[in-house]
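Every number for a ligand or one of its atoms is a count from 1 in the order of the listing.
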Amino acid sequence: MEERREKNMSKTIIITGASKGIGKEMAQNLAKDGYQIIANYNKSEKEAIELQKQNKNIDIFRADVSKREECQKLVKYAIEKYKKIDVLINNAGISKAGLFTDLNDTEWEEIIKTNLFSAFYMSQETLKYMIKEKDGCIINISSVWGLVGASCEVAYSISKAGIDGMTKGLAKEVGPSNIRVNSIAPGMIETEMISDLTEEDKKQIKEEIPLRKIGKPVDIYKTAKWLIEDEYTTGQIISPNGGWIII
Ligand code: NAP
């Protein structure tokens, strides 16, 4: 155990959108496992500062990852301070419910840029260094909605299906450089993202889930940790969802 923690201490992980929910849980637990975390945030500075105080292995950096220049600053900071990036977790994301026919260009752009362009920018900027190292691991947080589509969340579904497409293509392209790329496609996870749901909505959803429960951010951390430590899985979409979606 101690030996593994020492080995992890030399590994640097960037997690985008780590001020809340799934990203925060991954940052807290991976830091406890001994990894050096660069926890990215955008609007939630107070939460990010609180997170940093919890563990000396957590560093924080503000960047709006829907913008190329800010992704460049985040990656530059990580490289200058820690010399390499071993793992990139593209987790930042937003969702917005509404009819497809009502979706305006601004909302469409915000969802696609935050959820999909961010993964494109961050992966491209980080790969420059991973390819030189001939080592790396990219984990894209997509969603079951990317796999099966969600009514009234069409833009979100497109963004997540796009991420999964990127995972598959990129895994083939950078595999020869010993870089693994995988997606985690969570089912319903208890975070602020699902705060619009009523207790009655959640009760109904639980009845549709074979394991009869909504997931917790820690469930996604466990999948991420497995993917980080694994050495032979690439191009896969792993979906911790309680059996809600089985394909
Ligand atoms: P959350 O609690 O709402 O947290 C979202 C995080 O994304 C926040 O830390 C937020 O940071 C960050 N973020 C948003 N826009 C950003 C930007 N432009 N730049 C940098 N960071 C940004 O959501 P969550 O449930 O943890 O979701 C995390 C990921 O899991 C998302 O990609 C989501 O689509 C996916 N997912 C969630 C569920 C679920 O049921 N919860 C299911 C499937 C997939 P700031 O507040 O600092 O801006």
Side-chain angles (χ1 to χ4, degrees), residues 14-29 37-52 58 60-75 77 88-97 107 109-122 139-150 153 155-164 166-167 183-197 201-202 205-206 208-209 213-221 223-224 237-242 244-245:
I14 296 184
I15 306 173
T16 67
S19 52
K20 289 184 191 165
I22 294 170
K24 178 177 168 186
E25 184 79 23
M26 290 192 288
Q28 288 169 320
N29 286 298
I37 307 298
I38 298 150
N40 155 252
Y41 67 98
N42 184 28
K43 294 182 183 154
S44 305
E45 181 148 57
K46 200 167 136 258
E47 286 84 348
I49 291 168
E50 281 308 308
L51 176 67
Q52 185 177 33
I58 301 179
I60 56 171
F61 192 89
R62 200 210 70 78
D64 175 352
V65 292
S66 69
K67 299 190 174 117
R68 163 81 76 180
E69 329 74 75
E70 300 205 15
C71 291
Q72 283 170 333
K73 283 184 193 156
L74 168 56
V75 171
Y77 173 79
L88 165 66
I89 306 183
N90 287 313
N91 166 77
I94 52 168
S95 69
K96 194 172 193 322
E107 290 165 330
E109 251 186 54
E110 195 191 355
I111 294 170
I112 299 296
K113 283 198 169 156
T114 308
N115 296 1
L116 182 57
F117 279 37
S118 61
F120 162 56
Y121 296 145
M122 283 303 298
I139 299 174
N140 295 317
I141 307 296
S142 58
S143 164
V144 285
W145 299 142
L147 296 170
V148 297
E153 286 203 59
Y156 182 82
S157 304
I158 294 170
S159 70
K160 297 301 188 176
I163 284 190
D164 288 346
M166 187 176 103
T167 289
S183 282
I184 300 177
M188 187 141 297
I189 307 296
E190 196 69 68
T191 70
E192 229 179 272
M193 191 169 270
I194 64 157
S195 57
D196 285 353
L197 297 179
D201 294 333
K202 287 188 196 167
I205 291 166
K206 279 185 210 167
E208 292 170 15
I209 300 174
K213 56 183 177 183
I214 287 175
K216 295 200 167 65
V218 72
D219 296 313
I220 308 309
Y221 151 71
T223 311
I237 317 298
I238 319 281
S239 186
N241 66 44
W244 197 24
I245 306 295

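Within the listing of ligand 1, atoms 45 (P), 47 (O), 48 (O) sit less than 4.0 angstrom from a heavy atom of Lys43. Remark: ligand 1 atoms within the under-4.0 Å shell around heavy atoms of Ala92 are 7 (O), 13 (N), 21 (N), 22 (C), 32 (O). The atoms of ligand 1 that sit less than 4.0 Å from any heavy atom of Met188 are 40 (O). Atoms of ligand 1 found under 4.0 Å from any heavy atom of Ala63, numbered from 1 in the order shown, are 19 (N), 20 (C). Shown in contact with Gly21 at under 4.0 Å from a heavy atom are these atoms of ligand 1, numbered in order with element: 2 (O), 26 (O). Listed by atom number, the atoms of ligand 1 under 4.0 Å from Ser143 heavy atoms are 43 (C), 44 (C). Close contacts between ligand 1 and Tyr41 involve ligand atoms 47 (O) [criterion: under 4.0 Å to a heavy atom].
At a threshold of 4.0 Å, the pair Glu107-Lys96 counts as salt-bridged, since one of the basic side-chain nitrogens sits closer than that to a carboxylate oxygen. One finds no salt bridge joining Lys216 and Glu25 here, because no Lys/Arg side-chain nitrogen approaches an Asp/Glu carboxylate oxygen to under 4.0 Å.
If you check which protein heavy atom lies closest to atom 46 (O) of ligand 1, you get Ser44 OG, 2.6 Å. The shortest contact between atom 10 (C) of ligand 1 and any protein heavy atom is with Ser19 OG, 4.0 Å. Summary of contacts: the protein heavy atom closest to atom 26 (O) of ligand 1 is Ile22 N, 2.8 Å. Nearest protein heavy-atom contact of atom 27 (O) of ligand 1 is Met193 CE, 3.9 Å. In this structure, the protein non-hydrogen atom closest to atom 15 (N) of ligand 1 is Thr114 CG2, 3.4 Å. Remark: minimum distance from atom 42 (C) of ligand 1 to any protein heavy atom is reached at Gly187 O, 3.0 Å. Of the protein's non-hydrogen atoms, Ser142 O, 3.1 Å is the one closest to atom 44 (C) of ligand 1. For atom 4 (O) of ligand 1, the nearest non-hydrogen atom of the protein is Lys20 CB, 3.8 Å.
Using 4.0 Å as the threshold, Lys160 has a heavy atom nearer than that to some atom of ligand 1. Using a non-hydrogen distance threshold of 4.0 Å, Tyr156 registers as a contact of ligand 1.
For Thr191, every heavy-atom contact with ligand 1 shorter than 4.0 Å involves the side chain, none the backbone. At a heavy-atom distance under 4.0 Å, no atom of Thr16 approaches ligand 1. Using a 4.0 Å cut-off between heavy atoms, Ile194 contacts ligand 1 through its side chain alone, with no backbone atom that close.
Considering only non-hydrogen atoms, atom 17 (C) of ligand 1 lies nearest to Asp64 out of Asp64, Asn40, Asn90. When the heavy atoms of Cys71, Gly93, Ser239, Pro217 are ranked by distance to atom 14 (C) of ligand 1, first place goes to Gly93. With distances taken over non-hydrogen atoms, the option nearest atom 39 (C) of ligand 1 out of Asn91, Ile189, Ile214 is Ile189.
Between the side chain of Asn140 and the backbone N or O of Ser183, no donor-acceptor pair lies under 3.5 Å.
Thr191 meets the side-chain contact (heavy atoms from CB on, under 4.5 Å) test with Ile22, Ile189, Met193, Pro217; sequence neighbours excluded. Partners of Glu69 by side-chain hydrogen bond (donor to acceptor under 3.5 Å, both in side chains), not counting sequence neighbours: none found.
Proximity of Phe61 to Lys73: side-chain heavy atoms (C-beta onward) are separated by under 4.5 Å at one or more points.
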Query raised in the report: Given Thr16 and Ser118, is the side chain to side chain contact (heavy atoms under 4.5 Å, CB included) satisfied, shown in steps?
Result: CA-CA 9 Å; Thr16 67; Ser118 61; 5.9 Å; no
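For the atom pair CG (Asn91) and CD1 (Ile184), the distance works out to 9.0 Å, reported to the nearest 0.5 Å.
Counting non-hydrogen atoms of neighbouring residues, nucleotides and ligands closer than 6.0 angstrom, the NZ atom of Lys202 exceeds 12 such neighbours.
If you check the side chains of Arg62 and Asn42, you find a donor sitting under 3.5 Å from an acceptor.
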